[in-house]
Amino acid sequence: MKRGTLDAAGAVKALDLSRLNEILHPRINAQSMTCNEVSRATCNEVSRATCNEVSRAEGLPKWTGGISGAPGAAAGRVYFSADALLEAKALARQRGEDTRCILVLPAAFAGDVKGIEAAAGVLTAQGGYAAHASVVARQYGKVSLVAPEISITDKTAILGSLSFSEGDPITLDVPYDAESSVYQGIAEISEPNITGSALLDFIALAKGLTKNFQIRANAETPEDAEKALSLGAEGIGLCRTEHMFFKPERINTFRELILSESGGARDKALEKLRAMQGDDFYRIFKIMAGKHVTIRLLDAPLHEFMPRSDADITSYIDHISASGETVVTRDEILARIETLRECNPMLGHRGCRIAVSYPEIYAMQVRAIFEAVHKIQDEKLDVRPEIMVPLVMNAAELKLIAYGKRVEGAGYAGIADIEEFRNCPIGAMIELPAAALGAGDIARYAQFFSFGTNDLTQTTLGLSRDDAAAFLPAYSHYDLLEGNPFRVLDERVQELIALAVDRGRLTRPDLVCGLCGEQGADPAAIRFCMDTGINYVSCSPYAVPAAILAAAQIQAEKE
């Protein structure tokens with residue numbers, strides 16, 4: 001081995017990965033933890049009496065506990081809805097005031113994503129590491145903490161001895177490997193300095209050691225793609241197309257698609273969405289020129305996108321009125337939402353099941369992809385799209401959706417039948433035990449597998465990633481589970497993945513396999529993937545550096 005390689009391996013092996021969080025995420029400046037005039041004025045009656053004593057002894061009044069969703073530190077004023085936060089942030093910007101805000105919610109849904117993106121951090125009562133708020137926060141590089149003990153009433157929250165109302169300042173401190181805290185008041189935050197930390201030099205060294213194993217990123221916006229690329233990602237392993245519609249100006253168009261009762265209205269909504277997605281795909285492909293971009297077709301449980309609050313319904317009615325469509329009433333919308341309600345939507349009408357019922361949705365997305373591909377190719381750039389079909393249960397599903405079928409004179413047009421389609425890998429997302437067991441048959445029609453370990457963990461262990469946080473601490477206390485299975489890949493899930501890789505490659509020896517769940521950045525999961533012959537993992541952009549360095553350390557150990 002060359003001396004340069006030895007030096008690179010030695011440097012990477014000596015790196016303490018736990019210190020990366022100090023570089024990649026904001027931290028509290030410990031010297032700032034004293035009660036300032038802003039927090040002193042907003043202390044509640046209970047804490048005000050002891051505020052001076054507390055600040056002299058420990059700093060700001062605080063509550064300790066909760067479940068880490070996304071690490072870091074964030075400070076700002078509290079708001080209890082995405083709309084209220086956005087309005088307050090815009091007003092603060094106009095006045096030249098501090099625009100930092102913290103979003104506080106019982107739980108997060110699609111309509112709240114605009115608030116998470118604009119907030120410095122999010123504090124929720126429900127969920128866990130793999131819950132919606134935590135996943136979105138990690139994607140945007142925001143701080144997330146789940147505090148099941150929090151009580152939220154109207155525009156006031158009580159958390160232990162702390163009480164704060166809308167507009168009051170708090171600070172979230174969510175270390176990667178220590179207990180989290182909520183402080184009453186504003187603490188000084190030290191922002192990360194990636195360019196001045198030599199981290200990029202270490203990433204370059206590490207990538208030279210792992211040429212046969214890639215770290216890709218989960219990214220669905222051009223901004224995500226740019227951030228991922230700057231942090232060393234070798235492509236996009238999961239582009240969640242439904243996430244492209246979280247922005248306020250888009251979500252009501254997506255709701256048109258869901259709530260439309262006629263084919264004509266649905267077609268109009270599809271055309272609007274095709275233009276939106278085509279523009280995003282074009283920009284992402286351009287950023288990722290020469291690198292693989294794996295696009296997951298529509299997967300989301302549709303209930304996540306329904307209007308939930310009076311403000312959401314009013315916004316949707318205004319949107320329909322402005323578009324010139326037939327005006328709908330609040331009662332009509334509520335009735336339509338009720339008809340779409342499912343008892344168990346995570347295992348209901350979602351993923352490829354939507355495409356079986358409504359093939360025009362996937363057809364729209366494929367047209368948007370290849371219109372963008374053609375534009376990029378006209379610019380003489382290298383574009384490498386991959387189309388992934390989610391929640392595949394068996395080979396028959398994938399064969400239908402990918403290649404179509406004729407039944408009694410009628411026809412189902414598959415992805416490959418769409419006029420704009422050009423030769424491109426079509427793959428399956430393996431996230432059900434049935435798909436893992438049937439991987440040999442599925443590989444007849446799939447050029448690649450991507451293991452969605454969030455749902456594969458749920459369906460293998462029978463644990464809801466949104467609800468399990470309520471009882472997982474007891475399971476850890478009694479050693480019933482070695483850790484949170486949504487952070488550390490469970491042995492039974494590993495066994496299914498290894499089995500699927502083996503069976504898939506017996507059918508298709510050149511089958512490419514990736515892992516794109518939340519465990520993708522965990523060093524133990526990376527080691528398992530490398531040992532199992534998986535080609536890449538995909539994780540949130542801010543987790544990419546740690547994953548690259550972990551893979552390099554594992555490779556260096558082997559050599």
Problem - Whether R353 side chain and G348 backbone form a donor-acceptor pair below 3.5 Å - result: yes

Exercise for the section: Indicate yes or no: does R350 engage E342 in a salt bridge with an N to O separation below 4.0 Å. Expected result: no

Problem - Side-chain heavy-atom pair V488, E482 within 4.5 angstrom cut-off - result: no

Exercise for the section: Answer yes or no: does atom CD of E191 have more than 12 heavy-atom neighbours from other residues, nucleotides or ligands under 6.0 Å? Expected result: yes

Handout entry: Salt bridge R296-E220, side-chain N to carboxylate O under 4.0 Å
Key = no

Fill in the blank from the handout: Minimal heavy-atom distance between I497 and T453, with the atoms involved, is CD1-CG2, 3.9 Å

Handout entry: Min side-chain heavy-atom separation V78-P169 under 4.5 Å
Key = no

Handout entry: Steps toward side-chain hydrogen bond (donor to acceptor under 3.5 Å, both in side chains) verdict (E179, T64)
Key = CA-CA 7 Å; E179 205 165 30; T64 301; 5.3 Å; no

Problem - Distance in Å, F449 CZ paired with N535 CG, rounded so as to fall on 0.5 Å steps - result: 12.0 Å

Problem - Derivation and outcome, side-chain contact (heavy atoms from CB on, under 4.5 Å), residues F164 and I170 - result: CA-CA 8 Å; F164 39 91; I170 66 170; 3.9 Å; yes

Handout entry: F305-F254 aromatic ring centre distance below 6.0 Å
Key = yes

Problem - Expected output: side-chain D522 to main-chain A525 donor-acceptor under 3.5 Å - result: yes

Handout entry: Spacing of CZ belonging to F109 relative to CD belonging to E304, to within rounding of 0.5 Å
Key = 8.0 Å

Handout entry: Shortest non-hydrogen contact from S163 toward I158
Key = OG-CG1, 4.1 Å

Practice task
Verify the neighbour count for atom NZ of K155: are there more than 12 heavy atoms of other residues, nucleotides or ligands below 6.0 Å?
Solution key: no

Exercise for the section: Please tell me if the side chains of R100 and K89 come closer than 4.5 Å, counting only heavy atoms from C-beta onward. Expected result: no

Handout entry: Check: T153 side chain, T156 main-chain N or O, donor-acceptor pair, under 3.5 Å
Key = no

Exercise for the section: Heavy atoms only: give me the nearest L515-G520 pair and the separation to one decimal. Expected result: CD2-CA, 3.8 Å

Handout entry: Within 6.0 angstrom of E97 CD, more than 12 heavy atoms from elsewhere
Key = yes

Practice task
Could you walk me through whether E166 and R77 pass the salt bridge (Lys or Arg N to Asp or Glu O under 4.0 Å) test, one step at a time?
Solution key: CA-CA 7 Å; E166 193 153 87; R77 296 185 178 277; over 6 Å; no

Practice task
Flag the pair D224 / Y140 as yes when at least one side-chain heavy-atom distance between them is below 4.5 Å, and no otherwise.
Solution key: yes

Practice task
Using distance alone, with no hydrogens and no angle criterion, decide if N218 and S538 have a side-chain donor and acceptor under 3.5 Å apart.
Solution key: yes

Exercise for the section: Determine the minimum heavy-atom distance between G167 and Y79, stating which atoms define it. Expected result: CA-OH, 4.0 Å

Exercise for the section: Check whether any side-chain N or O of R138 sits under 3.5 Å from a backbone N or O of G69 as a donor-acceptor pair, and report yes or no. Expected result: yes

Exercise for the section: Measure from the side-chain N and O atoms of E431 to the backbone N and O of L391, and report whether any donor-acceptor pair falls under 3.5 Å. Expected result: yes

Exercise for the section: Measure from NZ or CZ of R487 to the centre of the six-membered ring of Y129, then state whether that distance is under 6.0 Å and the direction lies within 45° of the axis. Expected result: yes

Exercise for the section: Salt-bridge test for R250 and D280: reply yes if a basic N is under 4.0 Å from a carboxylate O, no otherwise. Expected result: yes

Problem - Donor-acceptor under 3.5 Å (S181 side chain, D173 main chain) - result: no

Handout entry: Spacing of D490 atom CG and Q519 atom CD [to the nearest 0.5 Å]
Key = 9.5 Å

Handout entry: Residues which pass ring pair (Phe, Tyr, Trp, His ring centres under 6.0 Å) with H243, listed by chain and number, not counting sequence neighbours
Key = F246

Practice task
Look up atom CG in D467 and atom CD in Q126, then write down how far apart they are to the nearest 0.5 Å.
Solution key: 7.5 Å

Problem - Side-chain donor or acceptor of D455 paired with backbone N/O of G452 under 3.5 Å - result: no

Completion exercise
Looking only at heavy atoms, the pair that brings A428 and V392 closest together is CB-CG2, 4.0 Å

Exercise for the section: Evaluate the criterion side-chain contact (heavy atoms from CB on, under 4.5 Å) for residue pair F528 and L489; output intermediate values, then yes/no. Expected result: CA-CA 9 Å; F528 161 75; L489 208 54; 3.8 Å; yes

Problem - Any V136 side-chain heavy atom under 4.5 Å of S144 side chain - result: no

Handout entry: Check ion pair K114-D83 (N to O, under 4.0 angstrom)
Key = yes

Practice task
Check step by step if side-chain contact (heavy atoms from CB on, under 4.5 Å) holds for M388 and D299.
Solution key: CA-CA 10 Å; M388 180 160 65; D299 175 52; over 6 Å; no

Practice task
Step by step, work out the side-chain contact (heavy atoms from CB on, under 4.5 Å) result for V537 and R216.
Solution key: CA-CA 6 Å; V537 296; R216 301 184 190 178; over 6 Å; no

Practice task
Using a cut-off of 6.0 Å, state whether more than 12 heavy atoms not belonging to E87 lie near its atom CD.
Solution key: no

Practice task
Please examine the side chains of L103 and L123, heavy atoms only from C-beta on, and report whether any two atoms are closer than 4.5 Å.
Solution key: no

Exercise for the section: State, with a plain yes or no, whether a side-chain heavy atom of R27 is found less than 4.5 Å away from one of I189. Expected result: no

Handout entry: Test item: Q277 side-chain N/O and T241 main-chain N/O as donor-acceptor pair under 3.5 Å
Key = yes

Handout entry: Listed partners of R341 passing side chain to side chain donor-acceptor pair (under 3.5 Å), at least two apart
Key = E338

Fill in the blank from the handout: When rounded to the nearest 0.5 Å, the distance separating CG of L85 from CZ of F80 is 11.5 Å

Handout entry: Gap between atom CD1 of I534 and atom CD of Q214 - 0.5 Å precision
Key = 13.5 Å

Handout entry: Main-chain N/O of Q184 paired with T171 side-chain donor or acceptor, under 3.5 Å
Key = no

Practice task
Would you please say whether a donor-acceptor pair under 3.5 Å links the side chains of D312 and S315?
Solution key: no

Handout entry: I236 vs C239 side-chain heavy atoms within contact, under 4.5 Å
Key = yes

Handout entry: N/O donor-acceptor pair under 3.5 Å between K142 side chain and V122 backbone
Key = no

Practice task
Can you see which heavy atom on H349 is nearest to which on I354, and at what distance?
Solution key: O-CG1, 3.6 Å

